Amino acid sequence: MSEQRYDPQQIEPRWQAVWAAERTWEVSNEPAAANGVPGNGAHHPAPGAGAHAPHPKSYVLEMLPYPSGEPHIGHLKVYSVGDALAHFHRRLGRRVLHPMGYDAFGLPAENHAIATGVNPRESTAASIASFQRQFREWGISIDWSRELATHEPTYYRWTQWIFLQLLHAGLAYRKEAAVKWCPNDQTVLANEQVVDGCCERCGAEVEIRQLEQWFLRITDYAERLLGDLDGIEWPEHVKTMQRNWIGRSEGAEVMFRCEALGVDYPVFTTRPDTLFGATFFVMAPEHPDVARLAEGTEHEQAVREYVNHALTESNEDRGAAEKPKTGVALGRTVTNPVNGEQIPMYVADYVLMEYGTGAIMAVPAHDERDYAFARTQGLPIRRVIVGASEPAPSDFTAPGPGADSAAITQPGPEPGADSAKIAQPGSEPGADPASIQAAWERSDRSLPYTGDGPLTNSRPDFDGMGNREATAAIVQWLDREGKGHASVNYRLRDWLVSRQRYWGCPIPVVYCERCGAVPVPEEQLPVELPEIEDYAPRGRSPLAAATEWVTTRCPTCDGEARRETDTMDTFVDSSWYFLRYCDAANDTAAWDPAVLRKWMPVDQYIGGVEHAILHLMYARFFTKALADLGHLDFQEPFQALFTQGMVTKDGAKMSKSRGNVVSPASIVERYGADTARCYILFIAPPDQDADWSDDGVEGVHRFLSRLWRLAAEVADRGGSPSRMREGADGRMRPSEDSPHAASPAGPHAALPGSAHVPTRWPKRGCEQQASVSRLRSAHAPTGTAIEGDDLELLRKAHWAIDKVSADLRRFAFNTAIAAVMELLNECSRLRERASTETLRFALASAASLLFPFAPHLGADVYERLMGERVWEQPWPQADPALLEREEYELVCQVNGKLRDRVSAPADATPEQLKELCRAAPNVRAHLDGKEVVKEIVVPGKLVNLVVR
RNA sequence: GCGGCGGUGGCGGAACGGUAGACGCGGGGCCCUCAAAAGGCCCUGUCCGCAAGGGCGUGUGGGUUCGAAUCCCACCCGCCGCACCA
C-alpha cells in the first residue's frame, strides 16, 4: 500500500483549471438551452421532477467587495458561506446565479490618490486583479461572465440613467438644507453615515453646514420600507434596526395659534391625550420664526444670544444625554386649542428642528424632558393622567392634607374658560427662588408620569376615560373642530447623495444660466469622469478644477452651461448592482425586465451586519422606486438575508494597527483553500463572531488530510467491479505529474492518465435515491444482505447525509462539517473490517457532502473513488430505512435521573419498555423497597420511573 | 432609557422539553522510530471512591413539569442598534 500525501498545492490548481477552462459555473439566461449551458443544474433533473421539468432558479449573492488592497479574512468568510450554498443549491437541481463584482468607487482609493498621486483607477485595478486571483484560488464558483465593477462607464452609465429616472419622477431633488459635513473628508454625508456625531468612515466630528445638495426622496417610501419588512426572511435584529431607523410614530398634528403674529404653529405629538396638560410651548433654535417671534419683546436680546450659542455648539455637546435643559422665553404665547389657554413660548435646544415640525407642545407632568425643562424654568406642571398608585406618598416629604396632586400641580381653569392664566408654582412669576423651591419640594413625587391611566383635569367628557381610549377620542374631536388631525411621523430623513469628491459617479446634470438645472439627455450618457491632476478636496469637488470638462452646452438651449461637479455617494452604485448581474452584458439598457423576471429577487443574500441600515435600506428603496416607475415588477430585492459574524483574532477586530491581521493568502498558501474555507466555517456558527485560532486551522487541515489519505488508500485497494472510465471529450483527468500517478504500486501504475478504478455507478440522470440503490447493487449483486460492520458504516454514512443536508438548510455549517468528521472517524475505525465497497461509498459520501465547503478536495476524492465529477452528481439522499435501527439504547431513569441504559428492540411496546427498564441492574438498585407511583414512557427514547 | 441578541468544560462550540458537553483545539498517556517529524491508539467537566457507583454541575433566584441549558417570571453581566425623536 503506497503512502500518499494530501497536497492541496497540487490538487487545487488542477481543479481550478478545469472549472476555468470549462466555465463550469456560468449560467445562461435561457433555461431552454439545455445542452448549451455548462454546469448549473443542466446535468440532472430536479428532485422529484420529470426529466423535462424546468429547473427552479436560485440567485445566491454575497455583498460585493470594496476592492482595496487584498481580500481579508472577512471576505474569505462571506464567500465561503455563499459558495457553500451555491453548490448545495446546484446539486439540489436548481439553476444557480452566483456572480461577482466590485464596488470600486469610494474614498479609500481617492485618499490613496491624494497621498501618492496615483490615479485611483490604477490602484483600484490592481486591487481588483488581486481579488480576482484570490477568488479563483479559493475555488469560489463564480459566473465570471457577469463580472462588473461600478467604476466602469459601462456600469455607471446606468447608475446615471437611474438617477435621471428618479429625477424625472421627482424622487431626486436639489435643496438647501442644514447638512452634515465631514471636515476631514471635505464632503457632506448622509445621516446614515454619521455615527455618534462623527464621520462613519474617518471618525472626525461632523459639522453642520447650510448647503445646497442633491437628495433622494426615500421618505416617500418610509411606510412601505417598514411594512414590507414583514414579508421577507431577514434576521429579526436587522429588521429591528431598520424599524428603529425608520422610526415610525403615530400621533396627531395639532395647531397652536400665536395671536400676536397671527400664525398657526403645528406640532406633532404622540400624546394627544395629554393636550390638556400642555403648559408651555417650545421651538427649536433653528426654527425660522424664532427671531421674528422674539422681535420687539424684552427677550429679543436673550433669544438672539441663546440661538447663536445653540447653533455654534458642537453636535456632541448639544446631544449629550445628561445635559441640563436650557432655553429662554420668547415673550409670546400661543393658544392651546383644546382649552383656549395662553401658554408661554420658549426656545430650547432640546427640541430638534429635524424631527416633527421643529416645535412642540410641552406637557411637563407626563414627559421627562418637558418636566426637566419646567423645573429649570419654574413653569407650571399640571397632571392630567392619574397614575396607577397615585399619589405615591413620599417618605421624605409627607404631604399634608390637601397636598394632593391637584392642589400641588395647580389645577387648570375650567375647560372652555377664556383667558385663563396659569399660576406659577411659586404663585407669581418673579417669586423668590426659595419659595419656588419650597413649592417643588411639596410637589408630586410621582411626576413625571409617563404610564397609562384615566384622564383628569381635562374636559368633563374625557375625564375618567382611559388615556389610550382618550387619545383616539381627542384626535377625533380635534379633527371635527378643525384644530388638528391624526398624523404619522418618521425619523427617516431624505437621502443626501451628492459628495464633493472625485472618485465617484458623476451626477448627470448641467447648469444653464437660462434653463437652470437641466438633466443630461439619456442618449448622452455616460457623463464620463474626467482625468484630473489634483485629487485633493478643497471644500468643493476636485472636478470643479477640470475646466474643460465642466464647461459644456445646455442640452435644452445650447447656451453656455456648467456640469454638476459633485459625484454620487457610492451607496448609489451598490443600490442596484444585483439587478445588473442578471443582464450584465446589456448595452442598450440597464436591464431587460424580462430577464430580471427570471432571476430576481435574490433568493439568498449574504453579508455583514454593518450594512443592516445603509446599503440594505437604500437597495430596498431603489427597488421600490424602480418598480413604481415600471422598470421592475417586484418590491423587495432580497427575499432572504443572512448576516455573517466578524472574524476576530485574540478577541479583537483584526487591524493593521493591532498587528493581529490574518491574511487569507498566507493561510491558503500554507494549508490550501479547502482548509481555510472549512476552518472558517467550522470555527463557529457563521452568523456569530468567531475568533481565529492557528491551532484550530491545523486541526481542520489534519481532518482533510486524513480523509484524503484514507480515500486514496481505499481507491488503491481496487476490488470493485472494474470499468475503464471514459476519458473522452476534454474532461479532466489527473495529469502525469499528479502525486498518485507517480506512486510506485497499485492500480495507478497500470492506468496512467486515468488513475482511478471507477465503480460501476449509474450515470447522471439517475433517480435521486441513486446512492442507496447503487450501494445496494454494488453490495448485494447476489442478494446477500449487508450486515455487521458494513451495515454500521453504511448507517453512519446515511446519518451524515441526513445531518449535513438538514444543517445546510439552516446555515449550520459548523455542525455539518462535524458530521463529516464523525463519518470519517467511523471509516477510520472500520477501515480494516468493512468491505472496500462500503468504505468506498462512505468516503465518497464524505467527499460529496464536504464538496460545498472544500470543493477541490471533494472533487478530487470523489473522482478517485467513483471516477465521476462530484458537482455533476445530485445531492445525496439518505435512505430512511437506514436511518432507523432495529435496536436502540433505551435510557432508564428513576425520578428523572439517568440510572442505566439497556438495548431495546425498535418495535417494543410501552409495556415491554417498562419491563426492560425495571429489569435494568442499576434501576433495580434504585427501585429497591420503593413504590413506583408513575411511569413515563417515551418510545424510542426513555422510560422514567417515579418512585416514592 | 427603548429595542434586539447572548451567558454551557482549560478554549471554540454541540444538544426536537428527554443520556449535558457532539465535533475540534489544548492537555495527559501509549504505539511506531536509532531519534525526531508525520501518523496511529486511549484518556480528558468536577468532587468522593481501588472499583462498581454516587454527589454536584449550563450567569443568579424563583416557577411550570415525571423530567428544564431549553418554557415562564424577576434579577445580574456582556455585545449590538437607536437615543432630548415630542
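A, B, ... follow the sequence lines: proteins, then strands. Residue 1 opens every chain. Everything numeric here is computed off the predicted structure, so don't read it as measured data.
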What's the closest nucleotide to the A:Ser249 side chain, out of B:A86, B:G81, B:C84?
B:A86
Which of these nucleotides, B:G12, B:G54, B:G81, is closest to any side-chain atom of A:Ala684?
B:G12
Could you check which of B:G18, B:A22, B:G3 has an atom nearest any side-chain atom of A:Leu942?
B:G18
Given B:C23, B:G4, B:A86, identify the nucleotide with an atom nearest to the side chain of A:Thr270.
B:A86
Which part of the nucleic acid, if any, lies within reach of A:Val946 when heavy atoms closer than 4.0 Å are counted: base, sugar-phosphate only, or nothing?
sugar-phosphate
Please determine whether a side-chain nitrogen or oxygen atom of A:Asn814 lies at a distance below 4.0 Å from atom OP1 or OP2 of B:A14.
yes
Within less than 4.0 Å of OP1 or OP2 of B:C41, is there a side-chain N or O belonging to A:Arg829?
no
Does OP1 or OP2 of B:A22 have a side-chain N or O of A:Asn825 closer than 4.0 Å?
no
Compute both the distance and the angle, then confirm whether A:Lys325 meets the cation-pi test with A:Tyr350: under 6.0 Å from the six-membered ring centre, within 45 degrees of the axis.
yes
Identify which nucleotide among B:G53, B:G12, B:A15 has an atom closest to any side-chain atom of A:Asn922, counting heavy atoms from C-beta outward.
B:G53
Write down the distance between CZ (A:Arg491) and P (B:C84), rounded to a whole number of angstrom.
9 Å
With respect to the side chain of A:Arg702, which nucleotide from B:G40, B:G18, B:C25 is positioned closest?
B:C25
Give me the distance, rounded to whole Å, that separates B:C31 from B:C48 when you measure between the P atoms they each carry.
30 Å
Picking from B:A86, B:C23, B:A15, the nucleotide nearest the side-chain atoms of A:Arg810 would be B:A15
Using the six-membered ring of A:Trp245, assess whether NZ or CZ of A:Arg620 lies under 6.0 Å from its centre and within 45 degrees of the ring axis.
no
From B:G13, B:C82, B:C23, nucleotide with atom closest to A:Pro685 side chain
B:G13
Nearest-neighbour nucleotide for the A:Leu352 side chain, B:A86, B:G54, B:C82 considered
B:A86
Looking only at atom P, what distance separates B:G13 and B:C25, rounded to whole Å?
16 Å
So A:Phe853 and A:Phe813, would you call those rings parallel, tilted or perpendicular, with 30° and 60° as cut-offs?
perpendicular
Considering only the C1' atoms, how many Å lie between B:C84 and B:G59, rounded to the nearest integer?
34 Å
Parallel, tilted or perpendicular: rings of A:His701 and A:Tyr6 (30°, 60°):
tilted
Salt bridge flag under 4.0 Å for residues A:Glu792 and A:Arg833
no
Are OP1 or OP2 of B:G18 and a side-chain N or O of A:Gln893 less than 4.0 angstrom apart?
no
Partner lookup for B:G53, please. Criteria are Watson-Crick or G-U wobble with both distances under 3.5 angstrom; report none if nothing qualifies.
B:C48
Is any side-chain nitrogen or oxygen of A:His701 closer than 4.0 Å to OP1 or OP2 of B:G24?
no
Just checking, is any N or O donor in the side chain of A:Asn244 or A:Arg491 under 3.5 Å from an acceptor N or O on the other one?
no
Does A:Ala818 or A:Arg899 map to a spot on RNA chain B nearer the 5' end, using the closest nucleotide for each?
A:Ala818
Ignoring the backbone of A:Lys897, work out which of B:C66, B:G55, B:C25 is nearest its side chain.
B:G55
Please state how far atom OH in A:Tyr490 lies from atom P in B:A86, giving the value in whole angstrom units.
13 Å
d(CZ, A:Phe853; P, B:G24) in whole Å
16 Å
Between the base of B:C66 and the side chain of A:Asn944, is there a donor-acceptor distance below 3.5 Å?
yes
B:U60 to B:A68 separation - P atoms, rounded to the nearest Å
15 Å
Look at A:Lys941 and B:G18 and indicate whether a side-chain polar atom (N or O) is within less than 4.0 Å of OP1 or OP2.
no
Which atom names give the shortest non-hydrogen contact between A:Leu275 and A:Met361, and what distance separates them?
CD2-SD, 3.2 Å
Roughly how many Å is it from CE in A:Met646 to P in B:G78, rounded to a whole number?
18 Å
